[in-house]
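These notes concern the structure reproduced below.
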Amino acid sequence: MPKPSVLISIDTNAETEAESFGRAFIQSLCEEDKRLVPELVSTSERYKDPFLSIDDFLASWWAIPVKTTVDGQARPDSFDGPFWKRKSTLVSRGMVNHGITDLWNHRYPSTLWYECRWAKDVNFSHLFESWVGLSRSDIGMLHVFTDSERRKSPTADDSSFETGSFGGPAKPGLPNIGWAMAYGESYATEVDAARIKSAGFPVDEVDGVTIVRVTDKLNDVVDDFDYF
C-alpha cells in the first residue's frame with residue numbers, strides 16, 4: 001500500500017524565470033525543513049547531477065533559455081525549468097514549468113509542482129502559503145492523497161486531481177477540491193469568500209489571493225478522512 005503523499009500544484013502568470021523569483025522559491029523550500037532540500041537536479045526526469053547549492057541551482061538549472069521557431073518565425077524566448085528529486089527521507093520530487101508568450105502575445109501560465117512523502121511534523125501549509133504569496137497564484141492546490149482517494153480505475157477528472165492538473169489553457173477547470181485551494185484573479189468572481197467563511201471554513205487572503213481550507217489542519221485528511 002502506498003504511503004500518503006502531499007501535492008502542491010500552482011498555476012501562475014508571474015515571471016517565474018526571473019532569478020529573484022527562483023531564489024525566493026528554492027530558499028523557501030530549503031529553509032522550511034532540511035528534509036525537503038533537493039538531492040538531485042535535472043532538466044528532465046533523468047536525474048544525474050547533484051544539488052550543490054542554491055546559487056548553483058539558480059545559475060545552472062532554474063531558467064535555461066531556449067530559442068525556437070514556429071512556421072519559420074522566431075518565437076519569443078522561452079525557458080526550460082528545473083526538475084529535482086530527493087531519494088532519502090523525505091522522498092520528494094518537483095518541477096517548474098516556465099510559462100511562455102506565443103507569437104500572438106498570449107501568455108501561458110507557469111506551473112509550480114511538488115510532491116512529497118507525507119510527514120505530520122512538516123509545515124506543508126506554510127510552504128504552500130509562501131509559494132502562493134510569491135507567485136500570486138492564479139489557481140493552486142495543497143492536498144494529501146491517501147488510499148481513501150486513490151482509485152483503481154480513475155476517471156479523467158480523478159487523474160487530473162491526483163496529478164494537480166487544472167486542464168491547461170485549452171480546457172481550464174477544477175477537477176476536484178483539495179484540502180486548501182488558492183483562488184487568484186481569474187477565479188475571484190467564482191469564490192464568495194464571505195459566504196464560505198460564514199459557513200465555518202477557514203479563509204485567508206494572501207496578496208490578493210483567497211486561500212480556502214476545508215478543515216483547520218492538513219493532517220485531518222490523513223487522521224480522519226470521513227471528517228474531512
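Sequence positions, counted from 1, serve as the residue numbers for this chain. All values below were derived from every heavy atom in this structure, side-chain atoms included, with hydrogens, water molecules and symmetry-related copies excluded.
Taking NZ of Lys3 as the reference point, atom CH2 of Trp118 lies at 14.0 Å (rounded to 0.5 Å). Distance check: Phe51 CZ to Asp56 CG gives 8.0 Å after rounding to the nearest 0.5 Å. Distance check: Ser44 OG to Met95 CE gives 11.0 Å after rounding to the nearest 0.5 Å. Separating the CG atom in Asp49 from the OG atom in Ser60 is a distance of 9.0 Å, to the nearest 0.5 Å. Taking CZ of Phe79 as the start and OG1 of Thr43 as the end, the distance is 15.0 Å to the nearest 0.5 Å. Annotation: the span from Arg23 atom CZ to Trp62 atom CH2 amounts to 11.5 Å, rounded to 0.5 Å.
Relative orientation of the Phe145 and His143 rings is perpendicular, given thresholds of 30° and 60° on the angle between their planes. Using a 30° and 60° split on the angle between ring planes, Tyr114 and Trp131 fall in the perpendicular class, above 60°.
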Stepwise side-chain contact (heavy atoms from CB on, under 4.5 Å) test for Tyr183 and Ile139:
CA-CA 5 Å; Tyr183 301 100; Ile139 187 68; 3.6 Å; yes

Please step through salt bridge (charged side-chain N to carboxylate O under 4.0 Å, His left out) for the pair Arg213 and Glu129, ending with a clear verdict.
CA-CA 12 Å; Arg213 298 176 179 82; Glu129 288 181 17; 2.2 Å; yes

Show the numbers, then the answer: is there a side-chain contact (heavy atoms from CB on, under 4.5 Å) between Tyr187 and Val209?
CA-CA 9 Å; Tyr187 292 82; Val209 180; over 6 Å; no

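Salt-bridge formation is detected for the pair Lys120/Asp223: a Lys NZ or Arg NE/NH1/NH2 atom is positioned less than 4.0 Å from an Asp or Glu carboxylate oxygen. The pair Glu45-Arg93 meets the salt-bridge criterion, with a side-chain N (NZ, NE, NH1 or NH2) lying under 4.0 Å from an Asp/Glu carboxylate O.
The two residues Ala182 and Val132 make their nearest non-hydrogen contact at CB-CG2, 3.8 Å. When every heavy atom of Thr12 is checked against every heavy atom of Ser137, the shortest pair comes out as CB-CA, 4.2 Å. Listed here is the closest heavy atom pair of Val41 and Tyr47: C-CD2, 4.2 Å. Closest non-hydrogen pair, Trp84 versus Phe57, comes out as CE3-CZ, 4.3 Å. Of all heavy-atom pairs spanning Leu90 and Cys116, the tightest one is CB-SG, 3.9 Å. The minimum heavy-atom distance between Gly178 and Val214, with the atom names listed, is O-CG2, 3.7 Å.
Side-chain contact between Leu29 and Pro38: present, with at least one pair of heavy atoms (C-beta onward) separated by less than 4.5 Å. Side-chain contact between Ile8 and Leu112 is absent, with no heavy-atom pair separated by less than 4.5 Å. Between Leu40 and Phe83, the closest side-chain pair of non-hydrogen atoms is not below 4.5 Å. Residues Asp55 and Ser53 are in side-chain contact: their nearest non-hydrogen atoms beyond the backbone lie under 4.5 Å apart. Two residues are said to be in side-chain contact when any heavy atoms from C-beta on lie closer than 4.5 Å; Asp138 and Pro109 fail this criterion. With contacts defined as side-chain heavy-atom distances shorter than 4.5 Å, the pair Glu15/Glu17 qualifies.
With no hydrogens or angles considered, a side-chain donor-acceptor pair links Thr215 and Trp179 at under 3.5 Å. Side-chain contact annotation: Ser130 with Ser28, donor-acceptor N/O pair under 3.5 Å absent.
Under the 4.5 Å side-chain heavy-atom criterion for Ile, Leu, Val, Met, Phe, Trp and Tyr, Phe225 and Leu218 are members of the same hydrophobic cluster. Under the 4.5 Å side-chain heavy-atom criterion for ILVMFWY residues, no single connected hydrophobic cluster contains both Val91 and Leu7. Two different hydrophobic clusters hold Leu58 and Leu52 under the rule that ILVMFWY side chains link at heavy-atom gaps under 4.5 Å. The cluster map of Ile, Leu, Val, Met, Phe, Trp and Tyr, joined by side-chain heavy atoms under 4.5 Å apart, puts Ile64 and Ile54 in different clusters.
Within a 6.0 Å sphere centred on CD of Glu185, heavy atoms belonging to other residues, nucleotides or ligands number 12 at most.
Panel note: side chain His98, backbone Ala18; no donor-acceptor pair is recorded below 3.5 Å. A donor-acceptor pair is defined here as one N or O able to donate and one able to accept, closer than 3.5 Å; such a pair exists between the side chain of Arg136 and the backbone of Asp207. Side chain of Arg86 to main chain of Val37: a donor-acceptor pair is present (N/O by atom type, distance under 3.5 Å, no hydrogens or angles).
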